[in-house]
Amino acid sequence: TAGRAFDELVGGRFGERQQIRGQIGKGNVYLGQRQFADALAAFNAAVDGADRYPEVKAEAITGQGQTLNKMEQWQKAIDKFKLALAVEGCPDQFKAVAWNGIGIAQHGLGDAKASLLAHLRVAILYPASADQYLLALEEAAKRWDELGRNDRAQSLRDEARRLSGK
């Protein structure tokens, strides 16, 4: 089973880096199952062991932020995403995840403009992160609608539809 495979990864049958990635995988499984305490525990364990692997550390920290967003702990999520962005060597993929996460959290805090700016940052700086780029377009369109700029929202929705083939 998937749980057993993750336990084998985490249990020492593979190298340190793979064990840490196993914890991240476990955190993602728990997050998908909405088992937030278990997800945070797995991501925390990954962060604790990832100092030698900045790209893995950035991924684990963004996992923490995503979990906190799902728990609607908006400010704590923002703090985690900013921490991920500060990791030297943070890959663009995780910068995109972090900025989209900040946008979602800012929206949760009721700040549509800050949310919009975070999502637009992804759309401008990280178009190569296709899934995050598409999410940024969709979320930015919603924020433009909230701000009464339906023309701008529609152009982003058109671009998102074009990219997704819908």
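The pair D158-R161 meets the salt-bridge criterion, since a charged nitrogen lies less than 4.0 angstrom from a carboxylate oxygen.
No single ILVMFWY cluster, assembled from side-chain heavy atoms under 4.5 Å apart, contains both I124 and L134. Side-chain heavy atoms closer than 4.5 Å link hydrophobic residues (I, L, V, M, F, W, Y) into clusters, and following such links, even through other members, never connects L125 to L117.
The hydrophobic cluster around M71 extends to L31, F36, L40, L68, counting ILVMFWY residues whose side-chain heavy atoms fall within less than 4.5 Å of a member.
The NZ atom of K142 sits 12.0 Å away from the CG atom of L137 when rounded to the nearest 0.5 Å.
Few gaps surround CD on Q33; more than 12 heavy atoms of other groups in view lie less than 6.0 Å from it.
At least one side-chain heavy atom of W74 sits under 4.5 Å from a side-chain heavy atom of N69.
Within the structure, the side-chain hydrogen bond (donor to acceptor under 3.5 Å, both in side chains) test picks out the following pairs touching residues 105-126 (sequence neighbours left out): N100-H119, H107-R143, H107-E146.
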For this session: Step by step, work out the side chain to side chain contact (heavy atoms under 4.5 Å, CB included) result for F94 and V87.
Result: CA-CA 10 Å; F94 299 114; V87 172; over 6 Å; no
For this session: Check the pair V29 / K26 against side chain to side chain contact (heavy atoms under 4.5 Å, CB included), numbers first and verdict last.
Result: CA-CA 5 Å; V29 168; K26 199 173 198 179; 5.7 Å; no
For this session: Given side chain to side chain contact (heavy atoms under 4.5 Å, CB included), test R149 with L116 step by step and report yes or no.
Result: CA-CA 12 Å; R149 294 300 307 264; L116 173 64; over 6 Å; no
For this session: Before giving the answer on side chain to side chain contact (heavy atoms under 4.5 Å, CB included), spell out for Y133 and E159 the whole-Å C-alpha distance, their side-chain angles and the decisive distance to 0.1 Å.
Result: CA-CA 11 Å; Y133 179 71; E159 175 69 2; 3.8 Å; yes
